[in-house]
Amino acid sequence: MSLQAAIDFWHELLAADPLTTWEQFQSATQTDRLYFGTRPVCSVLRPHFLSPRAYSYLVEASRIVRGALGKAYDYLLTHDALRASLGVSSQEDALLALEPTRGPGDYSGRLDAFYLADAVPAAGQHPTLNFVEYNAESPGGLAFGESLSAIFRGLPLFAAFAQHYQVTSFAPRPRILAELLAGYRAWGGQGKPRIAIVDWRGVRTYREFELCQDYFRSQGYDVGIFDPDELEQAPDGRLTAGDFAIDLVYKRVVTLELLAKYGTEHPLMRAVGQHTVCMVNSFNAVLLFNKGLFALLSDSAFPLDLSPVERLVIRRHLPWTRLLVDGPTKVDGRTVDLLAYAAANRDSLVIKPTNDYGGRGVILGWECDQAAWDAALSAGLQTPAIVQKRVPVPQANFPSIVDGRLDLSPRLVDVDPYVWGCADIAGGGVRLSTSSLLNVSAGDGSAAPLFVIEPVMRGLASTPDPFSSPHNGEEKGGRGRLFT
């Protein structure tokens, strides 16, 4: 199937009356209040498309990578010195001890990936796909994508598009609620829990909390949105916010920020440790959130019990990643001094703090001079960091309205599959940017909904499908056969 033919068809429909479509889109955005702070969540007039086979490949690869990350998590739990070298603080260790039997606890997560879905390398028969991070702690944007999907489906041009293409989109809010309840049942909860969505009052994702609150209430649940400062413990140990007694916390506040403000003394932490409230995702997810796990998977020096399929997927789809330390390492089978290699290969490397988020502290070697790069290497030796190989970043033209006219301009694209219940993969987020650091919080960043499409009429798809070779083929809807 030719995705480009579908993109061209969408653009052709849009070009018939772009300003009216833009007005309809803006009106719906304003009605739903889809803003990241004061900036619209989405500034483009097209969803991101994947073919069913491309989506199936992404799902299966993501499932395998998440399983391998779980093994790295288990390994890290039993190696105290290694945790410290990855920047896991004594405070985070104290939080891990609150629920030692609950496992990683990532009932919702987001793998960040760059996916050239139509590009098959000449040397192999698998698509170019690279996983670079895992947000296992408090992934945002899930409800925004669902609302954007509904807005695009409501545009008049979508009806014309749907006459030629079958479209599958994703609704994360029912899955979020289902996973919250699954975590609550596994914790030992019964009946209908009273749910608190917890994050700082002024965060730019606050509208997303309201969207989740609306859906949870529509399903019959008592729900409130609370700042951590509002949380208290009642004399019986229960977590409360004013007169709202809490059974289940949908944790959106980032653990690092909680620790920075309160240390390990906060009513939420005490209630979790005393088993008087269930929290999803749990504090244990801080380990899966640590970017150092990608170094554990990438570096054969760590004896992880990985299956042959996991090793294959890691080799294909995880970029070379190392903890930034002074010493030898392997690059393409040869032993090098890591610091000397990193200093000499600035244009092909990126430095990332192991324990931060939102693009903070990320240094792209190809966008800085040698002096700044050398300084970043020195800083990375003091504050735990990883060094990771640069990967190809997809680029596609997306339509927008600029100065009252339809504009088609290239945007960099990442596709971020969602992880559910520590194992399952369904749906995903899409981020667009004109700068190399893709993040919706950046000034030029935009979200877009993910649509999986296929022709409903013969003759519209004319180019070979890179996923149809016998090596990668699977029956539609099948699982586990892409990497055999």
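Each residue takes its place number in the sequence, starting with 1.
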Please list all pairs passing the salt bridge (Lys or Arg N to Asp or Glu O under 4.0 Å) test where one or both residues lie in residues 275-291, with sequence neighbours left out.
none
Restricting to non-hydrogen atoms, name the atom on [X] and the atom on [Y] that form the minimum distance, rounded to 0.1 Å.
{"X": "L293", "Y": "L69", "value": "CD2-O, 3.7 Å"}
{"X": "L324", "Y": "G380", "value": "CD2-CA, 3.7 Å"}
{"X": "A117", "Y": "A54", "value": "CB-CB, 3.9 Å"}
{"X": "P417", "Y": "I425", "value": "CB-CG2, 3.9 Å"}
{"X": "C278", "Y": "G183", "value": "SG-O, 3.8 Å"}
{"X": "G445", "Y": "R39", "value": "O-NH1, 2.8 Å"}

Verify, without hydrogens or angle tests, whether [X] (side chain) and [Y] (backbone) share a donor-acceptor contact under 3.5 angstrom.
{"X": "W10", "Y": "P47", "result": "no"}
{"X": "N355", "Y": "N290", "result": "no"}
{"X": "E137", "Y": "T255", "result": "yes"}
{"X": "S27", "Y": "E23", "result": "no"}
{"X": "S446", "Y": "S43", "result": "yes"}
{"X": "T321", "Y": "A295", "result": "no"}
{"X": "T276", "Y": "G237", "result": "yes"}
{"X": "N281", "Y": "S108", "result": "yes"}
{"X": "D227", "Y": "W200", "result": "no"}

Does R66 form a salt bridge (charged side-chain N to carboxylate O under 4.0 Å, His left out) with D106? I'd like the steps, not just the answer.
CA-CA 10 Å; R66 169 56 188 85; D106 53 328; 2.7 Å; yes
Looking only at side-chain N and O atoms, does [Y] offer a donor or acceptor that is under 3.5 Å from a partner on [X]?
{"X": "Q233", "Y": "R270", "result": "yes"}
{"X": "R411", "Y": "S433", "result": "no"}
{"X": "H317", "Y": "Y57", "result": "yes"}
{"X": "S169", "Y": "R153", "result": "yes"}
{"X": "Y115", "Y": "N130", "result": "no"}

I'd like to know if [X] pairs up with [Y] as an ion pair, taking the criterion as any Lys NZ or Arg NE/NH1/NH2 lying under 4.0 Å from an Asp or Glu carboxylate oxygen.
{"X": "R201", "Y": "D229", "result": "no"}
{"X": "K261", "Y": "E257", "result": "no"}
{"X": "D214", "Y": "R173", "result": "no"}
{"X": "D199", "Y": "K251", "result": "no"}
{"X": "R83", "Y": "D93", "result": "yes"}
{"X": "K71", "Y": "D74", "result": "no"}

With salt bridge (charged side-chain N to carboxylate O under 4.0 Å, His left out) as the test, would you mind laying out the steps for D222 and K192 before giving the verdict?
CA-CA 9 Å; D222 291 335; K192 273 197 166 184; over 6 Å; no
Once side chain to side chain contact (heavy atoms under 4.5 Å, CB included) is applied, do any residues pair with [X], and if so which ones, sequence neighbours excluded?
{"X": "A375", "result": "none"}
{"X": "D407", "result": "S400, V402, S409"}
{"X": "L82", "result": "Y75, L76, H79, S85, L86, L296, F302, L323"}
{"X": "D236", "result": "A234, R238"}

Would you check, one step at a time, whether the test side-chain contact (heavy atoms from CB on, under 4.5 Å) holds for L412 with D414?
CA-CA 7 Å; L412 302 176; D414 73 358; over 6 Å; no
Mind checking salt bridge (Lys or Arg N to Asp or Glu O under 4.0 Å) for E92 and listing every partner two or more places apart, or none if nothing turns up?
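Here no residue qualifies.
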Applying ring-ring contact (aromatic ring centres under 6.0 Å, His included), name anything that partners [X], two or more places apart in sequence or on another chain.
{"X": "F209", "value": "Y206"}
{"X": "F216", "value": "none"}
{"X": "Y215", "value": "none"}
{"X": "F294", "value": "none"}

Just checking F451 against F170, ring centres under 6.0 Å apart?
no
Walk me through whether L297 and L306 qualify under side-chain contact (heavy atoms from CB on, under 4.5 Å).
CA-CA 9 Å; L297 293 179; L306 300 175; 4.3 Å; yes
Interatomic spacing from CE in M269 to CG in L98 - rounded to 0.5 Å
8.5 Å
Is R46 close enough and on-axis enough to F398, meaning under 6.0 Å and within 45°, for cation-pi?
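Yes, cation above the ring, under 6.0 Å and within 45°.
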Salt bridge (charged side-chain N to carboxylate O under 4.0 Å, His left out) assessment of R252 paired with E208
CA-CA 10 Å; R252 292 296 305 270; E208 188 182 5; 3.2 Å; yes
Does the pair R431 and D416 meet the rule for a salt bridge (charged side-chain N to carboxylate O under 4.0 Å, His left out), with working shown?
CA-CA 8 Å; R431 296 181 292 187; D416 307 326; 3.1 Å; yes
Would Y221 and L181 satisfy side-chain contact (heavy atoms from CB on, under 4.5 Å), going step by step from the backbone distance to the final call?
CA-CA 11 Å; Y221 290 86; L181 297 177; 3.2 Å; yes
Give every residue pair that meets the ring-ring contact (aromatic ring centres under 6.0 Å, His included) criterion with at least one member in residues 92-113, sequence neighbours excluded.
none
What residue pairs, at least two apart or across chains, pass ring-ring contact (aromatic ring centres under 6.0 Å, His included) with a residue in residues 242-279?
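Passing the test, one end in residues 242-279: W187-H275, F226-F244, Y262-H266.
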Evaluate the side-chain contact (heavy atoms from CB on, under 4.5 Å) criterion for residues T240 and L231: first the C-alpha distance (whole Å), next the side-chain angles of each, then the deciding distance (0.1 Å), finally the verdict.
CA-CA 6 Å; T240 63; L231 302 182; over 6 Å; no
Please tell me if the side chains of L111 and V65 come closer than 4.5 Å, counting only heavy atoms from C-beta onward.
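In short, these two side chains touch, coming nearer than 4.5 Å.
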Quick one, F152 with F25, criterion ring-ring contact (aromatic ring centres under 6.0 Å, His included). Give me CA distance, side-chain angles, the key distance, then yes/no.
CA-CA 8 Å; F152 274 102; F25 183 80; 5.1 Å; yes
